[in-house]
Amino acid sequence: MASTEGVSVVGPEQCRSGPDPWAPAPCPVIRADEAGTVLEVNPAALLLMAGAAPGVSVRDALPGWLAEAHEAAVVRSALPDQDDGALAPVSGRIAAHSFEAHPTRGRDGSLVWWLADETGRRLAEEALATERAHTEFLTEASNALLASLNTERCMATTARLAAEYLADAAVVVTPPSGGRLPVARAVTGRATELDLVAVDPSGLPGLGEALQGYPPVASRWIDPATLPAWIVPQGFDGTIGSVVVTPLPGHGVPAGALILFRSTAHARFDESEEVFARLFAARAGASLSAARLYSEQSAITRTLMRDLLPPRLRRLDGVEIAGGYRPAETGDRVGGDFYDVHPGSTEEDASLVVLGDVCGKGLEAAVLTGKIRNTLQALMPMADDHGRMLRLLNGALLTSHHTRFATLVMASVKRTGNLVRLRLTSAGHPSPLVVRGDGTVEEIATRGTLIGVLETIAVDSVEAVLQPGETCLLYTDGFTEARGGPFGDEQFGEERLAQALSECAGMPAEAVVERIQMLASQWLRGGPHDDMAIIAISAPHTNHLSAVDGRTRGRFTA
């Protein structure tokens, strides 16, 4: 068939101009009778269909889709009460072009077909459909990749999506970890395989450069014959026809590389597919980079928080000690309230229990909390002199850039026979409470100055003795100032706290802590609150030390 290149194509209405309705028309026009014989063909139609000549059957002269449309139109015209206005255009291809054929009825009953070239519109519609499909895939891929900050899951999702939509198989390789390359391999229709391989990435051309991340490199085509065995996914059927290595760009750091495979049964990657693969790789790289950064930060956080977790201290030198903490915000692990338990250097020395409350909450308060903890740790050699420790701590806070203050209560704890002797010192903190064996609650009246406000502070220490079964409670004002109750606006208060402690007479330290925390939670009813820290020191009912006694240093900071 002859080419239509250079032929000006117009619509049917334009083709009707001139004395002859079709001969001078620039668009292809064919007239055929009801018997299926071509009657007339204009020059544009002859250029398009060389076999279309007068006297030739439409089956021989026209493409199949147009011949069938002509025969169907003839059949319809023979039906009774058939409206000629019902003739509808039909579409089909001739060579590489797409045409829309518009039929009109001649006076003698013949049909005139006007062919309008729709190739440009078809290509535009196909391109639009392709872009819509790409956009839908990228949206789905983004949602799937952002659903997790787990690095291995992101790798597996990237490989699976690439194998399903971009190639027959895909492999994701991320930067080395511990001398090994993390790898995710996926084949269409199969489960994704995760692996760690001890290989040199330079063995695969383009992989080493892609894993460096900077400077950015372009996609690289690989000769399938040069592929190392470790890179080919298990279960990949057929012969590898084309391979491309595409870098996964991260947020200023290398995120990895995406390797796409196609078998010889499918076409090679064209330029548009390579560009689309890079768009997908950009999203996958951003997700992998975020997941890797989150993983690294989580590891750092776990390391830094390791010494801040609550100690499991049931007894220390024959004394029961238990503590609890509830942060102001659900997602916080550190805050302004804290407690520490420091065993004495020998069994003859008293242990030191410290509970404190830094002004504020959240990360900023936690920074000052950490400084207080470290300072007190350094001052432990003078733990027998509470006043001196507090004055040195006050001086350290005044010379820092922090503008916050803190309150503390310190307790030197030592067991003597069946008794537990306490020396308690408060620095602007709520007074400790002691519940006796008969349920009576006593306030230990120790007073002192806030830490970190005035250059000179004044503190006084008070001694107390616990009989077997009695408990001393240290707490922060997060408990007494907790607002809740029937109307949600009433403070828990000191009286309710004392009443709750009275009901805990004879309980072990751990049970006392759990009971007070439970009552405070019920009072809050899920409402907002400040940090809440509590520690209980109890004299055991028996003078026999249990198997859980120990002298392991316990420390918890919230």
Side-chain angles (χ1 to χ4, degrees), residues 310 320-330 332-341 353-362 365-366 369 372 405-411 422 424-435 439-448 450-451 464 470-505 507-538 556-558:
E320 293 183 357
I321 302 177
Y325 171 73
R326 181 176 178 180
E329 301 294 336
T330 304
D332 288 346
R333 299 185 65 188
V334 294
D337 289 6
F338 70 97
Y339 64 77
D340 284 330
V341 179
V353 178
V354 180
L355 182 138
D357 183 358
V358 172
C359 174
K361 53 190 176 182
T369 296
I372 293 174
F405 60 87
T407 66
L408 291 109
V409 61
M410 308 176 72
L422 304 174
L424 300 159
T425 305
S426 173
H429 200 82
S431 299
L433 300 176
V434 172
V435 57
T440 303
V441 175
E442 299 178 6
E443 178 181 300
I444 306 300
T446 173
R447 300 287 185 269
L450 296 172
I451 302 297
E470 297 180 343
T471 298
C472 177
L473 187 73
L474 313 180
Y475 61 93
T476 60
D477 58 11
F479 284 92
T480 54
E481 296 179 0
R483 291 189 175 273
F487 301 101
D489 59 350
E490 186 178 357
Q491 288 189 349
F492 191 69
E494 295 178 358
E495 292 185 6
R496 286 190 180 86
L497 178 61
Q499 177 61 35
L501 182 59
S502 175
E503 298 170 358
C504 297
M507 291 184 180
E510 189 171 354
V512 174
V513 169
E514 291 179 358
R515 173 68 176 172
I516 300 299
Q517 286 185 312
M518 180 191 70
L519 293 176
S521 297
Q522 292 175 346
W523 182 260
L524 286 168
R525 296 186 176 183
H529 60 87
D530 198 356
D531 295 330
M532 304 167 70
I534 186 173
I535 192 164
I537 306 168
S538 297
F556 171 59
T557 299

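The figures that follow rest on heavy atoms only: side chains count, while hydrogens, waters and symmetry mates do not. Nothing here was measured: the structure is a model prediction, and the numbers come from that model.
Here the straight-line distance linking atom CZ of Phe492 with atom CZ of Arg483 works out to 14.0 Å at 0.5 Å rounding. A distance of 5.0 Å separates CG in Asp357 from CG in Asp477, rounded to the nearest 0.5 Å. Residue Phe479 holds its CZ atom at 7.5 Å from CD1 of Ile516, rounded to the nearest 0.5 Å. To the nearest 0.5 angstrom, Glu514 atom CD is 5.0 Å from Glu510 atom CD. Atoms SG and CD, from Cys504 and Gln499 in turn, are 10.0 Å apart once rounded to the nearest 0.5 Å. Taken to the nearest 0.5 Å, the CD atom of Glu503 stands 5.0 Å off from the CZ atom of Arg515.
With contacts defined as side-chain heavy-atom distances shorter than 4.5 Å, the pair Leu474/Pro432 qualifies. At a threshold of 4.5 Å between non-hydrogen side-chain atoms, the residues Ile372 and Phe338 count as touching.
What you find for Leu473 and Ala536 is that their closest heavy atoms are CD1-CB, 4.2 Å. Summarising the geometry of Thr446 relative to Leu424, their closest heavy-atom pair is OG1-O, 3.6 Å, with the distance given to 0.1 Å. Nearest heavy-atom pair, Ile535 versus Tyr339, reported as atom, atom and distance to 0.1 Å: CD1-CD1, 3.9 Å. Minimum interatomic distance between Ala520 and Met532 (heavy atoms only, all atoms of both residues): CB-CE, 3.6 Å. For Ser538 against Pro508, the heavy-atom pair with the smallest separation is OG-C, 4.1 Å. Here the closest heavy-atom approach between residue Val435 and residue Leu501 is recorded as CG2-O, 3.5 Å.
Residues passing the side chain to side chain contact (heavy atoms under 4.5 Å, CB included) test with Ala445 are Arg447, sequence neighbours excluded.
Remark: the backbone N or O of Val409 is not paired with any side-chain donor or acceptor of Ser426 at under 3.5 angstrom. Glu320 places a side-chain N or O within donor-acceptor distance of the main-chain N or O of Ala509, the cut-off being under 3.5 Å. With hydrogens and angles disregarded, no donor-acceptor distance shorter than 3.5 Å links the side chain of His429 to the backbone of Ala406. With hydrogens and angles disregarded, a donor-acceptor distance shorter than 3.5 Å links the side chain of Ser521 to the backbone of Gln517.
Screening residues 485-495 for salt bridge (Lys or Arg N to Asp or Glu O under 4.0 Å), with sequence neighbours left out, gives Glu490-Arg496.
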### Message
What verdict does the side chain to side chain contact (heavy atoms under 4.5 Å, CB included) test give for Cys472 and Val434, after you've listed the backbone C-alpha separation in whole Å, the side-chain angles of each residue and the deciding distance to 0.1 Å?
### Response
CA-CA 4 Å; Cys472 177; Val434 172; 4.0 Å; yes
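Shown are Asp531, Asp337, Thr476; of these, the side-chain hydrogen bond (donor to acceptor under 3.5 Å, both in side chains) with Tyr325 is made only by Asp531.
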